[in-house]
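Here is how names work: the chains are called A, B, and so on, in the same order as the sequence lines, proteins then strands, and each is numbered from 1.
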There are 2 protein chains.
Amino acid sequence: MDHTITGTLLGQSRYGKLATVIKDRILHGEWQPGQMLPSETALSEEYGVALGTIRQAMSLLVQDGIVQRLQGKGTFVTRGLNGASMLRFFRFNPADDVVTPQSNILQTRLREASAEERLLFKQAEKQKVLQFERIRLLNDEPCLLETIILPLPLFGPLLDLEPHEWDALLYPMYRNRCGVIVNHAQDRLSFSHLNSIQARRLKLNSGHPCVVVERKAYDLSNQCIEIRTTRGDAYSFTYTAHVK
Amino acid sequence: MDHTITGTLLGQSRYGKLATVIKDRILHGEWQPGQMLPSETALSEEYGVALGTIRQAMSLLVQDGIVQRLQGKGTFVTRGLNGASMLRFFRFNPADDVVTPQSNILQTRLREASAEERLLFKQAEKQKVLQFERIRLLNDEPCLLETIILPLPLFGPLLDLEPHEWDALLYPMYRNRCGVIVNHAQDRLSFSHLNSIQARRLKLNSGHPCVVVERKAYDLSNQCIEIRTTRGDAYSFTYTAHVK
DNA sequence: GAGTGGTCTAGACCACGAC
DNA sequence: TCGTGGTCTAGACCACTCT
């Protein structure tokens, strides 16, 4: 195979070009999530570069979170985020952290995408989005209320699901049913109050203080594939950030 | 000079040992913040290792935030955090971000360190701490209320200062007056309400919702050197976090 | 033992900054 | 022009995993 790196990608080092080329091959599905990439030596021969150059390219992909390297085993395409739970912003149960909360899908509806959503999702004109709400429960007590918006036609396979067919963890479900890998996300936190409907669902009083987490999730190619708004009791809010 | 890397640091790669050795030399003040380290070739000769090995050691120090490398210029010891402002958690003025808020020192007092503080600061028995409050203002309007605790004798040079002699930015002041470099910090966010004293100082009502940021700041050797608690209007709170 | 990534070497040349 | 870090090569050996 002639995968020789040409000079078409200007302004980059050789390993930079290699990284983007290999990334493209992954995005085109040449190697599926969880699968092993060719070994360093194989790639260095295929591209006609030194081992060290391949290694530098690979370390870029590791930084991007696109591949994962394991000594003695190989280099593997990432499976993306899985838990990435909103619970990391809240502390509902001081005792156990490892619990996966239950999930209740409340209602799903199909609607036209707004202008802003079409822009984020890079949708064509008059495309639709799938919007639904769900409640997450710990020990049968509601703790988080989520509104989730997904672009069509990418998430078409979810249209026919009954509420009880949804998994408790959405991101692995996106991968299995729609082939979508969630690679990273952006969370915006702010403070607000629950309206009466939200309050009833969380078994709190109307006007109760809450923290709002607005998440935009992206796939391997930096395409936004989910908009999620999560509300939880402000008194349960706790978050730890590391500065530089 | 015989700086040959011996086998005394077990379980590490050669560049790992080199990194800790060079880090120690920095911590012992051999090269001051802002100064240039010896070049790669000089270090490789001094330690009798290949250039690439020095480079790997250096990239570890870059990751640690201890040095900064500039092509064509050299490798420099970090000057640490400077602004690192609490304003990044709040949005008081949609227009301008670049403004440095004014600073008002309210009161300073010397007191015994609590057990927890002695532990964090690694203080000897019966050491004291310097505690003070300050208000930060934007356009002459108070926006943040801070309580700051510093260990003695490290921060002794600040004991004799009059309130007006304090700088608006504390971290550069720590460096200049006490030789303390703030390298990283841990912020813990939660939600609460202002008591009557806090409310009066922020010109808000008692019981007004607020966000509390509890910060622990550390120097180059991972020693905690400041405990800071900041309160601000919850309605001005906004924070963006990147997930993986 | 065969195959993987991790470490290390001893060179070479390039890109950038300062003088 | 010189010194700096950045890139690249073509080897070698080590540590780990699987079978």
With heavy atoms under 4.0 Å as the rule, sort B:Leu51 into base, sugar-phosphate or nothing. nothing

Looking at every heavy atom in both A:Glu226 and A:Ile148, which two are closest together, and how far apart are they?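 Closest heavy-atom pair between A:Glu226 and A:Ile148: OE2-CG2, 3.6 Å.
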
Can you give me the closest heavy-atom contact between B:Gly16 and B:Leu60, atom names plus distance?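 Smallest interatomic distance, heavy atoms only, reads CA-CD1, 4.2 Å.
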
Please give, in whole Å, the distance from [N] [atom2] to [X] [atom1]?
X	N	atom1	atom2	answer
B:Arg69	D:dT4	CZ	P	12 Å
A:Glu40	D:dC14	CD	C1'	14 Å
B:Leu43	D:dG5	CG	C1'	12 Å
B:Tyr15	D:dA15	OH	C1'	13 Å

Keeping to residues at least two apart or across chains, list the salt bridge (charged side-chain N to carboxylate O under 4.0 Å, His left out) pairs with something in residues 180-190 of chain A. A:Arg88-A:Asp187, A:Asp187-A:Arg215, A:Arg188-A:Glu214

Using 30° and 60° as the class limits, which term best fits the ring planes of A:His184 and A:Tyr218: parallel, tilted or perpendicular?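 Ring orientation of A:His184 relative to A:Tyr218: parallel.
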
Could you tell me how the ring of B:Phe237 sits relative to the ring of B:Phe90: parallel (under 30°), tilted (30 to 60°) or perpendicular (over 60°)?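 Rings of B:Phe237 and B:Phe90: perpendicular, over 60°.
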
Would you call A:Arg69 and A:Val62 a side-chain contact if the rule is heavy atoms closer than 4.5 Å? yes

Have a look at the helix from C:dG1-D:dC18 to C:dA18-D:dT1 and give the angle its two end axes make, five pairs each, rounded to 10 degrees.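 Between the first-five-pair axis and the last-five-pair axis there is 10°.
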
Does D:dC16 have its OP1 or OP2 closer than 4.0 Å to a side-chain nitrogen or oxygen of A:Lys73? no

Is B:Ser39 close enough to D:dT4 that one of its side-chain N or O atoms is under 4.0 Å from OP1 or OP2 there? yes

Short N-O contact, A:Glu46 and A:Arg25, less than 4.0 angstrom: yes

Check this for me, if you would: do B:Lys216 and B:Glu116 make a salt bridge, where the nitrogen-to-carboxylate-oxygen distance has to be below 4.0 angstrom?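 No, no charged N to carboxylate O under 4.0 Å.
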
Quick one: how far along DNA chain C does chain A reach, first to last nucleotide 5' to 3', anything under 4.0 Å to a heavy atom? C:dG3 to C:dT7

